[in-house]
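Read through the structure below, which is laid out as structure tokens, and then see the notes.
Any value given below was found using the heavy atoms of this structure, including those in side chains, with hydrogens, waters and symmetry copies removed.
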Number of protein chains: 2
Amino acid sequence: MTKKLDHLSFSMYLASLAEMVEAELNRLLPAEDERPEIMHRAMRYSACGGGKRLRAILVLEAAAICGASREKALPAGAAIEMLHAYSLIHDDLPCMDDDDYRRGKLSNHKKFGEGIAVLAGDALLTRTFAVLADLPALIGVSDATALAIIREVADAAGTAGLIGGQAVDLLAEGLAVDNTDNGQNVETLRYIHTRKTGALFRAALRTGAAIGGVLPPETRHLDQYSEYFGLAFQITDDILDVVGDQSKLGKKVGSDERLQKLTYPRLFGLEASRRMAEEAVEQALAALAPYGEAAGRLAELVVYIGERDR
Amino acid sequence: MTKKLDHLSFSMYLASLAEMVEAELNRLLPAEDERPEIMHRAMRYSACGGGKRLRAILVLEAAAICGASREKALPAGAAIEMLHAYSLIHDDLPCMDDDDYRRGKLSNHKKFGEGIAVLAGDALLTRTFAVLADLPALIGVSDATALAIIREVADAAGTAGLIGGQAVDLLAEGLAVDNTDNGQNVETLRYIHTRKTGALFRAALRTGAAIGGVLPPETRHLDQYSEYFGLAFQITDDILDVVGDQSKLGKKVGSDERLQKLTYPRLFGLEASRRMAEEAVEQALAALAPYGEAAGRLAELVVYIGERDR
């Protein structure tokens, strides 16, 4: 299965969903004039106004495939975007990746100071769970469904997921790449990325599926899709850090090299990395086959992700 | 209602509950030899091995008053201690209160580095919600009860609670105390403490009550107790930072003054602060009156808190 993307129509689709997510975040986050104002400003600074909203879109599309409307899935999608925003704020801190820019503007700690940035991340993580616990009231899912989603998201965000990936990423910085032992490095690279990005993609898809009443192991095709989607995402992300255009990306390029991070281009070279990304896109598309036309948007999404380094 | 404390028997009671909580934390946290090992070591370093476990004890005693066993409330108590440990790790960071010692040992970032400390805090916060979402499986409460507890704890931990208090505390550092406008300072001080410590005490009591099947507004007497308990706790904490013994406290004294924090002794002087703490203890005891003998331990606990600056 290969797929040609109608770029104009797909961009319009992406923009319209991002706008829905943006409005929902705006509704679910405390107002800026509510005390303590600086916290709410700092939370909104990083959670609102930008980003592709990939994770929310995964929630919405999985819900649609599983028989729920995208609208119904919006609060959960916004909650997962809050969690993603928290992870970016903390990852950008001087004691982590030390990035001054994110999404084309100053990173949270450059804007508000480190103390407030740590707290803004904490608050977004906390708010994620508050919103998820409110899902029965917000969208009428059962209490059992809300709890299943909370468990899924907490596991994906914990040391077996997001945090674990970030910790190993941090420890692997500056690691000398020894080509005689590339197996070890490749294993570490996969460990980092299946957790740092892959785990939340999977949780997003499972969250959408749960809203449609579909729980693991019935999510196995979506799980498989998320694995290859995550791989395609990560490889192209690594490639963009080498060849990308800072003004288009909204963040500094070359920071992986500066921090001597383990990346696909570093371990495999640019050409092989590009081939691996293409293969991952093909595998993701194959995983969607059982859903037929219903998975059209998820198919386009992974093709789009695979093409973004061109 | 005044109350004399049998110090020996109460100390034994405190020690035996702390031991139960410690064992539960040990059971509910990932093992140190599970990958990524450094994260699990850092989480356990701060969550295990010390502390009075006041918040867990509040969970256990509220459960007992509301008809559930203390044993049944243990996982929820341990979860709230994880949340407390997260808040201490982040509060101690150089960009916050910059404390090198906590509970008689190096603070988390001095031991593991700032990056891992930020992540260990994040992971403990995340784990709190994972454990709370598991309460139906762990202790057989209903899904609705587990969700009510998650909402309660998330609200107490968010910008209307813990994080909001810490943010305003951070911003109030170095504030010049102008005695002509003490009203404003007193208002800020109360704002900080009802949130930074009070909110989680109340959530702990409500969590225990929920396990016993009692939900707000039926928790009103416990809510009232928590308000005065929090006040007594905070005033004596401030006093100890002035007159306390570092070796007994396990953390540096005098850090409030170094950071020019708003404290009770700073705004009211030592003597008036002591009287205010005594009054708060009396009010807390009065709030417990409707429960009679069942609240004996909570009564002893607030007397104990009020006496710890002697």
Side-chain angles (χ1 to χ4, degrees), chain A residues 30 34-36 38-40 42-43 86-87 90 93-97 109 113-123 125-136 142-151 153-155 157-168 170-171 191 195, chain B residues 30 34-36 38-40 42-43 86-87 90 93-97 109 113-123 125-136 142-151 153-155 157-168 170-171 191 195:
Chain A
E34 209 175 286
R35 203 173 167 191
I38 189 166
M39 283 310 307
H40 300 144
M43 290 166 81
Y86 128 75
S87 77
H90 283 190
L93 288 169
C95 62
M96 304 268 211
D97 294 351
H109 65 274
E114 276 182 61
I116 294 297
V118 169
L119 292 172
D122 294 345
L125 175 59
T126 304
R127 190 78 178 173
T128 299
F129 291 109
V131 171
L132 295 179
D134 260 347
L135 286 182
S142 71
D143 290 349
T145 297
L147 282 175
I149 291 172
I150 292 171
R151 278 193 295 271
V153 171
D155 284 347
T159 57
L162 199 58
I163 294 171
Q166 174 65 10
V168 175
L170 198 61
L171 297 173
Y191 182 95
R195 285 158 184 82
Chain B
E34 208 175 286
R35 204 172 168 191
I38 191 167
M39 284 310 309
H40 300 144
M43 291 166 80
Y86 128 76
S87 77
H90 283 191
L93 288 169
C95 61
M96 304 268 210
D97 294 351
H109 65 275
E114 278 183 61
I116 294 296
V118 169
L119 292 172
D122 294 345
L125 175 59
T126 304
R127 190 77 180 175
T128 299
F129 292 108
V131 170
L132 295 179
D134 260 345
L135 286 182
S142 70
D143 290 349
T145 298
L147 281 175
I149 292 172
I150 291 171
R151 277 193 296 270
V153 171
D155 284 348
T159 57
L162 199 57
I163 293 171
Q166 174 66 9
V168 176
L170 199 61
L171 297 172
Y191 182 94
R195 285 158 184 82

Margin query: As a quick check of understanding, evaluate side-chain contact (heavy atoms from CB on, under 4.5 Å) for His90(A) and Asp122(A), giving each step before the final call.
Written below: CA-CA 9 Å; His90(A) 283 190; Asp122(A) 294 345; 3.1 Å; yes

Note to self: Quick check on His40(B) against chain A: is it the side chain, the backbone, both or neither that has a heavy atom closer than 4.5 Å?
What the structure shows: side chain

Margin query: Are the side chains of Leu147(A) and Asp143(A) in contact, using a 4.5 Å heavy-atom criterion?
Written below: no

Check: If you tally heavy-atom pairs under 4.5 Å against chain B, which of Gly115(A), Ala154(A), Pro94(A), Ser87(A) wins?
Finding: Gly115(A)

Notebook entry, point to check: Which residues pass the side-chain contact (heavy atoms from CB on, under 4.5 Å) test with Arg127(B), sequence neighbours left out?
Noted result: Leu29(B), Pro30(B), Met43(B), Met82(B), Val131(B)

Next item on the list: Could you look at Pro136(A) and say if it's the side chain, the backbone, both or neither that has a heavy atom under 4.5 Å from chain B?
Entry: side chain

Margin query: Can you classify the ring geometry of Phe129(B) versus Phe129(A) as parallel (below 30°), tilted (30 to 60°) or perpendicular (above 60°)?
Written below: parallel

Notebook entry, point to check: Quick one: of Thr128(A), Leu132(A), Thr159(A), Ile150(A), who has the most non-hydrogen atom pairs under 4.5 Å with chain B?
Noted result: Thr159(A)

Note to self: At a 4.5 Å cut-off on heavy atoms, which part of Leu93(B) comes close to chain A: side chain, backbone, both, or neither?
What the structure shows: side chain

Next item on the list: Examine whether an atom of Leu119(A) lies under 4.5 Å from a heavy atom of chain B, and if so say whether it belongs to the side chain, the backbone or both; otherwise answer neither.
Entry: both

Check: What distance do Tyr86(B) atom OH and Thr126(A) atom OG1 have between them, rounded to the nearest 0.5 Å?
Finding: 4.5 Å

Item checked: Straight-line distance of Ile163(B) CD1 to Leu125(A) CG, nearest 0.5 Å -> 8.0 Å

Check: Checking Ile38(A) against chain B: side chain, backbone, both or neither under 4.5 Å from a heavy atom?
Finding: side chain

Next item on the list: Only counting residues at least two apart or in another chain, list the ones meeting side-chain contact (heavy atoms from CB on, under 4.5 Å) with Ala148(A).
Entry: Arg151(A), Leu215(A)

Item checked: Residue part contacting chain A, namely of Arg195(B), when any heavy atom lies under 4.5 Å -> neither

Check: Looking at Cys95(A), Ala42(A), Ala146(A), which makes the most heavy-atom pairs under 4.5 Å with chain B?
Finding: Cys95(A)

